[in-house]
Structures are given as structure tokens and as C-alpha cells.
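Following: one structure in C-alpha cells, then a few remarks.
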Amino acid sequence: MADKADAAAEDALLLADASDAADGDPCNVTIKVRDSIAFSTTELSVPSTCSEVSVTLEHIGQMPKTAMGHNWVLLPADDLQEIAMAAMTATAESSYIPEGEDRIVAYTKIIGGGESDTVTFSLSDLEEGTEYAYVCTFPGHWSVMRGKFTVTG
Ligand code: ZN
């Protein structure tokens, strides 16, 4: 009996692994990027019960970060354009993050094909009543490579 239950639990785990969305812990999310100007999802939501949220950006493409680099930057939706424009004058070494920009809640470094980076932040860093969005600040990407970040519950 126990074996049968274990086998069923294992099947469930395998199924969960096969899907991006159902990766067990809702406070740990993964976003994939490729050799194109797009995130694998344009909407991310996490439960308000998460004390911390970890976002992993995974580049499953082939191109180097100098040609098709991507990052994941969480910021207030209303400030997205202004910050993204400022980011274009930042350097690759600083992952195209404007120096001293304190409106940015969290960001990963710029990564290329085969790389990944994880950023962990607290939901208490978000301001109540503010809409948040995420964007890639690699030059030329921000106008299309973006998504909506919401906290549910
Ligand atoms: Zn990008």
C-alpha cells in the first residue's frame, strides 16, 4: 500500500517538474528567456504569504550576453519607461542598472545563453497600492520585453 502511494506521489512530482507554472513552492518562480526579445511569461503573480520571493531568470538560448543578454528588473510600473531609458546609458558591467536608482526593487544580472541568475527579495519592499512591472533593461529590449508583477491574496 505504502509503495503504491509513494509511486503516485512520485508521479505527481514528475508531472509538476514538467510544467513551469507548477514548480511546487509558489514563492520560487522561474522565468525563461531565449535568443529573442521576450520573457516566457508576461505576467507573474505570487501569494502575499511569501515572506521572500525568489525569481530565477534562465536563458535557454545560445547567444552570448553581449548580443542577446537579458535581465529581470522589478520596478514600479509607472516608472518603467523613465528607469529603462536611464538604463540605456548604464554599462554592461552594471547589468544596465542605473546607478543609485532606488525605485528598483530587485534585479538579476545580465545573462547570456546557458546561464541563469536568481534574485531574492521581500514583499515588504513593495509599496501598498503601487503597480509593479518587470522589464529587461538590455538596450533595445525594454519597450517589448516586460510583464506585470502582482501579489495575490
Ligand atoms: Zn532582454
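As the structure lists them, so they are numbered: ligands from 1, and atoms in each ligand from 1.
Atom ND1 is the N, O or S atom of His141 at the shortest distance from the Zn ion (ligand 1). The Zn ion (ligand 1) is closest to atom ND1 of His70 (considering only N, O or S atoms).
Note: the hydrophobic cluster containing Met88 does not contain Ile110 (ILVMFWY, side chain heavy atoms under 4.5 Å, direct or indirect links).
Looking only at atom types and distance, the side chain of Ser95 has no donor-acceptor partner in the side chain of Asn71 under 3.5 Å away.
Between His141 and His70, the ring planes lie tilted relative to each other; the angle falls in the 30° to 60° range.
Not one N/O/S atom of Thr137, from backbone or side chain, sits under 2.8 Å from the Zn ion (ligand 1).
Ion pairing of Glu131 with Lys148 is absent here, as no side-chain N (NZ or NE/NH1/NH2) approaches a carboxylate O to less than 4.0 Å.
Between the SG atom of Cys136 and the SD atom of Met145, the angle taken at the Zn ion (ligand 1) works out to 100° after rounding to 10°.
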